[in-house]
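Start at 1 and go down the list; that is how both ligands and their atoms are numbered. Keep in mind it's a predicted model, so treat the numbers as computed, not measured. Side chains included, hydrogens not; waters and symmetry mates left out as well; all remaining heavy atoms used.
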Amino acid sequence: MLLEQIHDPSDVRKLNDEQARLLCRELRTFLLEQVSRTGGHLASNLGVVELTVAIHRVFDTSQDRLVFDVGHQCYVHKALTGRRELFGTLRQLDGLSGFPKPWESPHDAFIAGHASNSVSVALGMARARTLLHQHYQVLALIGDGALGGGLSFEGLNDAGASHEPMIVILNDNGMSIDPNVGGMSRHLSRLRSKPGYYAFKKRYRQVLESSQTGQRLYSVSHDVKTALKKSLLPGSTLFENMGFTYMGPVDGHDVVQLTRMLREAKDLHCPVLLHVHTVKGQGYGPAEADPGRFHGIGPFDVRTGSGKPAAPSFSSVFGETLTRLAGEDRRICALTAAMVDGTGLTKFSKTYPSRFFDVGIAEGHAVATAAGMAKQGLVPVLAVYSSFLQRGYDMLLHDVALSGLHVVLGVDRAGLVGADGETHHGCFDVMYLSQVPGMKVFCPASFAELRTMLRRAVQEETGPVAVRYPRGGEGAYQEDRSDEAIACLRPGTDITLLTYGTLINEALSAADLLAQRGISAQVLKLSTIAPLSPETIRTALTGTERLLVLEDCVETGCVGQRVAAMMAQLGMAPRRLVLKNTGDRFIPQGSVAELRHLCGLDAEGVAAAAEEAVHEQ
Ligand SMILES: Cc1ncc(C[n+]2csc(CCOP(=O)(O)OP(=O)(O)O)c2C)c(N)n1
Ligand SMILES: CC(=O)[C@@H](O)[C@H](O)COP(=O)(O)O
Ligand SMILES: [Mg+2]
């Protein structure tokens, strides 16, 4: 196999065109074999096989800087940069990351995970190169979905006018996770339908430059050039108008043509945008037919394309409940920032299409537009992953909270998410939501509680309100005690275990373990983590000598710190306080169970910490 002889990208640079084509075929087989075993972001990677090989034929990523946007499409790059043999550990604890990680390889120029920052980062690198008098190429590889995010426009706006030599490679497959949306997406689809655009433009330049009249005309003035271009090339691209040299659209599955175009782009020494047309899932029938399902997929059977059927999850319960609520109130609208299926909104989108808005990868915009809807009398419900909502923090404060608007947030993927790792864990929302004045934060611990809390958030609340829930399903706790601000699920005398959300399952199991060790643990469950009422704290925690607070968020700003401060202010500080959380650090990838264990948030870890606290004098 040719792939087995590729130990380093320098081996790719030695390949002739025929060998490059063969390598692409082998890489597709490799991706299918590997990802079908481990799960991962398959469809996007199948789509960039030729593009990645072409990049490595032209550039040396140990020196040149290749900045991935989102980074979920980096598998081929990893396979070609000495990490092929690690694919059996993909997205597992201590294994190969599914995203670029500079600490994994010098070929990974920058960390990635969240969309739309690549042009900005690449421009920063290009500026550093120029100011430090260094000589390397800078590339940003961005998908059409990520291009729709506002940050991309800020990057393009700056980069286009910068004159910095850099190449933005736009991987346009017409898809985000779902079909791409928005005006930019339409602009791209119009460009895609003119595959001869770049070739025609090149010919037109050659013709003008070769005749004397043409040369005179071409060099007379910018106005003449622009007028000529406009008359000959109606619909010149937004990118050109921003200051980029536009190349494309080029067939993203023709490795030879791609190589040629990249070489041309490299020689231009200015901001270039290379528009590449690819097919998401290319070369694997089931993924081409259903790229959304194969965007991020668990292990599956390559022959049939089928995997484990989806189990009920907090997201699916959220979507069902919201669809039901929307049937009762015509003011209810659902919004998503490009995560229709992930947030459980597929059914809503089909049942109430006129009240469903996929705004693209634009979380800040989603929050602000929800504010506008709320101000004018609608009840907007934005379902958004916790880590992506970080993008909307200012809009939460400025556009929603300052006016006390009734915007409902379904904060999905709260807490540890598992295999996506550092960039995707929802470990910050507890802190940043709790500090928004007027924000109420509900934390369901079961599907039943999610149903009740979402109904309450939509129908009874009047200001900003968030319902936060994790990735996946519920545990053994399936009751609905959401009416109680603090529910006592188990009485005990030696120590109180206080928690919220699905960590209640770990707390209850820890109490069982402690009982076996002769320790009596009280287990309390919070329904709301913001605001926290001093009265509730006083009533629930009176007489508690030892308190352990269990949470899957960072420590600074966690509920435990707030409860402790409140208790101190009430003059009832516990004799011993233990805060169990993810700490002030980034948590790596792994299964949720492994990561809970790593952070001491599993039953065993909690029991051990509680036991130590009880035995401490
Ligand atoms: C800020 C942010 N919002 C949402 C996501 C989730 N997300 C990951 S990939 C993706 C689609 C990206 O589409 P595109 O850039 O076109 O890449 P493709 O998968 O089509 O190759 C989305 C919405 C994210 N990673 N970051
Ligand atoms: C790359 C990315 O950001 C998304 O595809 C993310 O991996 C989705 O995560 P879920 O699997 O939790 O929906
Ligand atoms: Mg795309």
Side-chain angles (χ1 to χ4, degrees), residues 39-49 51-52 68-76 91 97-100 111-119 140-152 169-182 184-185 188-189 192 252 275-282 287 291-298 310 313-316 336-345 358-366 383-392 412-426 470-472 589 592:
H41 289 97
L42 182 65
S44 307
N45 282 290
L46 287 172
V48 295
V49 169
L51 181 52
T52 313
F68 285 90
D69 205 291
V70 183
H72 62 310
Q73 74 292 56
C74 68
Y75 296 7
V76 181
R91 291 160 57 83
S97 171
F99 296 96
I111 202 154
H114 288 200
S116 312
N117 63 343
S118 64
V119 179
L141 174 54
I142 183 167
D144 55 313
L147 189 77
L151 188 54
S152 298
I169 304 173
L170 170 59
N171 170 32
D172 180 9
N173 54 22
M175 294 291 296
S176 191
I177 292 179
D178 303 290
N180 201 8
V181 296
M184 174 54 111
S185 168
L188 294 181
S189 111
R192 278 201 307 268
H275 186 178
V276 181
H277 181 200
T278 62
V279 174
K280 195 158 174 170
Q282 169 78 13
R293 187 163 75 83
F294 283 89
H295 172 83
I297 190 156
S313 64
F314 278 91
S315 312
S316 65
T336 176
M339 303 303 291
V340 187
D341 206 49
T343 55
L345 285 177
D358 177 358
V359 302
I361 305 180
E363 291 79 9
H365 158 67
V384 56
Y385 286 16
S386 164
S387 75
F388 304 150
L389 181 59
Q390 289 157 200
R391 290 275 170 94
D412 202 324
R413 279 20 175 214
L416 297 166
V417 296
D420 276 338
E422 293 87 347
T423 48
H424 284 63
H425 295 307
R471 187 176 199 273
Q589 66 190 27
V592 171

Open item on the list: Would Val70 count as a polar contact of ligand 1, with the cut-off being nitrogen or oxygen pairs under 3.5 Å?
Closed with: no
Task: Nitrogen or oxygen of Met339 less than 3.5 angstrom from that of ligand 1 - done: no
- [ ] Would you sort out whether Ser315 and Asp412 count as a side-chain hydrogen bond (donor to acceptor under 3.5 Å, both in side chains), showing the intermediate values?
- [x] CA-CA 7 Å; Ser315 312; Asp412 202 324; 2.7 Å; yes
- [ ] Would you check if the side chain of His114 reaches a backbone N or O of Phe388 as a donor-acceptor pair within less than 3.5 Å?
- [x] no
Task: ligand 1 N/O within reach of Asn173 N/O, cut-off under 3.5 Å - done: yes
- [ ] Identify, for atom 4 (C) of ligand 2, the protein heavy atom at the shortest distance, and state residue, atom and that distance.
- [x] His41 NE2, 3.8 Å
Open item on the list: Can you name the atoms of ligand 2, numbered from 1 with element, that are less than 4.0 Å from a heavy atom of Phe388?
Closed with: 3 (O)
- [ ] Everything protein-side that's N, O or S and under 2.8 Å from the Mg ion (ligand 3): list it, residue and atom.
- [x] Asp144 OD1, Asn173 OD1, Met175 O
Open item on the list: Quick one: does any side-chain atom of Arg413 pair with a main-chain N or O of Gly342 as donor and acceptor, under 3.5 Å?
Closed with: yes
Task: Among Arg391, His424, Lys280, closest by any non-hydrogen atom to atom 19 (O) of ligand 1 - done: Lys280
- [ ] Examine the proximity of ligand 1 to Gln73 and report which part, side chain or backbone, both or neither, has a heavy atom under 4.0 Å away.
- [x] neither
- [ ] With sequence neighbours excluded, tell me which residues meet side-chain contact (heavy atoms from CB on, under 4.5 Å) with Ala338.
- [x] Ser176, Asp358, Ile361
Task: Nearest-contact summary for atom 3 (O) of ligand 2 - protein heavy atom, Å - done: His424 NE2, 2.6 Å
Open item on the list: To check your reading of the model: name the closest protein heavy atom to atom 13 (O) of ligand 1, its residue, and the distance in Å.
Closed with: Ser176 CA, 3.4 Å
TODO: Out of Ile361, Thr423, Asp341, Asp420, indicate the one that has the non-hydrogen atom closest to atom 9 (O) of ligand 2.
DONE: Asp420
- [ ] May I ask you to identify, for Arg471, whether its side chain, its backbone, both or neither come under 4.0 Å of ligand 2 on a heavy-atom basis?
- [x] side chain
- [ ] Keeping the roles fixed (side chain from Arg91, backbone from His41), state whether a donor-acceptor pair exists under 3.5 Å.
- [x] no
Open item on the list: Taking a cutoff of less than 4.0 Å between a non-hydrogen atom of the residue and any ligand atom, is His295 in contact with ligand 1?
Closed with: yes
- [ ] Please write down residue, atom name and distance for the protein heavy atom closest to atom 23 (C) of ligand 1.
- [x] Ile361 CD1, 3.4 Å
Open item on the list: For atom 26 (N) of ligand 1, what is the closest protein heavy atom, and at what distance to 0.1 Å?
Closed with: Ala115 N, 3.0 Å
Task: Shortest protein heavy-atom distance from atom 15 (O) of ligand 1, along with the residue and atom involved - done: Ala146 N, 2.9 Å
TODO: Give the residue and atom name of whichever protein heavy atom lies nearest to atom 13 (O) of ligand 2, and the separation in Å to one decimal.
DONE: Tyr385 OH, 2.6 Å
Task: Any donor-acceptor pair under 3.5 Å from Asp69 side chain to Ala146 backbone - done: no
Task: Minimum-distance protein heavy atom relative to atom 16 (O) of ligand 1 - done: Gly145 N, 2.7 Å
Open item on the list: Among all protein heavy atoms in this structure, tell me which lies nearest to atom 25 (N) of ligand 1, with the distance rounded to 0.1 Å.
Closed with: Gly113 O, 2.9 Å
TODO: Heavy-atom distances under 4.0 Å are what count here, so tell me which part of Val70 touches ligand 2: side chain, backbone, both or neither.
DONE: side chain
Task: Side-chain (Asn180) to main-chain (Asp144) donor-acceptor, under 3.5 angstrom - done: yes
Task: Nearest-neighbour protein heavy atom for atom 3 (N) of ligand 1, which is reported as residue plus atom name and distance - done: Glu363 OE2, 2.6 Å
- [ ] Determine yes or no for a side-chain-to-main-chain donor-acceptor pair under 3.5 angstrom, with Gln73 supplying the side chain and Gly71 the backbone.
- [x] yes
Task: Asn45 side chain vs His72 backbone, donor-acceptor pair below 3.5 Å - done: yes
- [ ] For ligand 1, indicate whether the residue Ile177 contacts it via side chain, backbone, both or neither (heavy-atom separation under 4.0 Å).
- [x] both
Open item on the list: Quick check: do Ile177 and Asp341 have side-chain heavy atoms less than 4.5 Å from each other?
Closed with: no
